[in-house]
Amino acid sequence: MNISHHFDDATLMAYAAGTLSQGMALVVACHLHWCPECMKRVKQAEAVGGALLDNINPVAVSDSALDNLLASLDDVPPAAVEKVEAVKPTQSDLPYPLSTYLDKPLDDLPWKWIGYGMYQVDLNFGGKGAARLFKLAPGVSVPHHTHTGNELTLILRGSYSDEIGRFRRGDVADLDSDVLHQPIVDTGEDCICLIATDAPLKFTGIMGRLIQPFVGL
Ligand code: ZN
Ligand code: ZN
């Protein structure tokens, strides 16, 4: 896989420290499944974290601290353990951590139409933030929006372009509240993405404000 867009170090460090929301950790774990480069950086972050623990006054660290840290670095989300039996061979085009959450191939999921050639499946993680699959038809442009928090996107199929560049299968977009963008599907194939946010999106145009209640992000 030819990956050209990766996560920021801050995101990989947060993943290694286990401080990301469940949805965001899933997006990172899925990219790591495909990206040896980011996996290497996570391993480096782990090593730094371990060295920091070694240098802390021993009485300040509980016996289980390192175990807890290592447990939080697990690439596979805990829910994967329960749902792993549902994985079918047809899921081989998906990164493993995501396939453990889905009991059907991408094309057979209950896609909900949200307008303007956009469909979504909510992964229903609950709590703060959200994770969902987005499907955008060819030629669709997502209304201009900024983010009130962070947004992590992994492209699973197809591609899109926005103000930042071109994103293809395996690429990730790691966006914070400074970014205003308008992704546009740029091939004749649907673009399917896994997206996690830690706060709602803020649409800026009239079109965006109209669909805001339906997107629910
Ligand atoms: Zn990467
Ligand atoms: Zn966005």
Side-chain angles (χ1 to χ4, degrees), residues 1-16 20-21 23-46 73 75 94-98 114-123 129-137 140-156 158-186 191-205 207-217:
M1 190 173 298
N2 199 355
I3 296 175
S4 43
H5 296 278
H6 302 271
F7 287 115
D8 294 341
D9 279 346
T11 301
L12 295 176
M13 292 288 281
Y15 175 79
L20 291 179
S21 70
M24 294 187 130
L26 175 64
V27 178
V28 174
C30 286
H31 179 72
L32 293 180
H33 184 79
W34 281 341
C35 181
E37 195 175 314
C38 285
M39 179 62 97
K40 192 172 135 203
R41 296 173 92 79
V42 166
K43 297 286 179 209
Q44 285 166 347
E46 287 178 29
L73 298 173
D75 291 341
L94 294 177
Y96 174 75
L98 176 62
I114 54 174
Y116 305 109
M118 297 189 281
Y119 301 79
Q120 71 172 8
V121 174
D122 193 338
L123 296 182
R132 56 196 76 207
L133 292 163
F134 254 77
K135 180 163 74 173
L136 308 170
V140 162
S141 79
V142 178
H144 259 109
H145 60 278
T146 57
H147 313 99
T148 50
N150 296 306
E151 177 187 88
L152 302 182
T153 301
L154 170 69
I155 290 74
L156 300 170
S159 67
Y160 73 77
S161 295
D162 67 6
E163 289 81 343
I164 300 158
R166 178 149 198 248
F167 294 80
R168 293 173 298 179
R169 176 173 158 85
D171 285 333
V172 289
D174 191 342
L175 305 179
D176 61 25
S177 51
D178 298 331
V179 177
L180 170 69
H181 73 149
Q182 182 173 31
I184 298 172
V185 178
D186 60 4
C191 181
I192 299 182
C193 306
L194 172 64
I195 299 182
T197 49
D198 60 7
L201 299 186
K202 275 196 320 204
F203 288 99
T204 52
M207 290 274 273
R209 284 198 292 275
L210 282 173
I211 67 159
Q212 180 104 50
F214 304 103
V215 178
L217 275 170

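We count ligands from 1, going down the list as the structure has it; atoms in each ligand are counted the same way. Note that the structure is predicted; figures quoted are calculated from it, not measured.
Here the N, O or S atom of Glu151 that is nearest to the Zn ion (ligand 2) is OE1. For His6, the N, O or S atom closest to the Zn ion (ligand 1) goes by the atom name ND1.
Note: Leu98 CG to Leu133 CG = 6.0 Å, rounded to the nearest 0.5 Å.
Judged purely by distance below 3.5 Å, without hydrogens or angles, the side chains of His144 and Gln182 pair a donor atom with an acceptor atom.
Taking backbone and side chain together, Cys38 holds an N, O or S atom under 2.8 Å from the Zn ion (ligand 1).
The aromatic rings of His31 and His6 sit perpendicular to each other, their planes meeting at more than 60°, with 30° as the lower class boundary.
Contact detail for Val27 and Ala196: the closest heavy-atom pair is CG2-CB, 3.6 Å.
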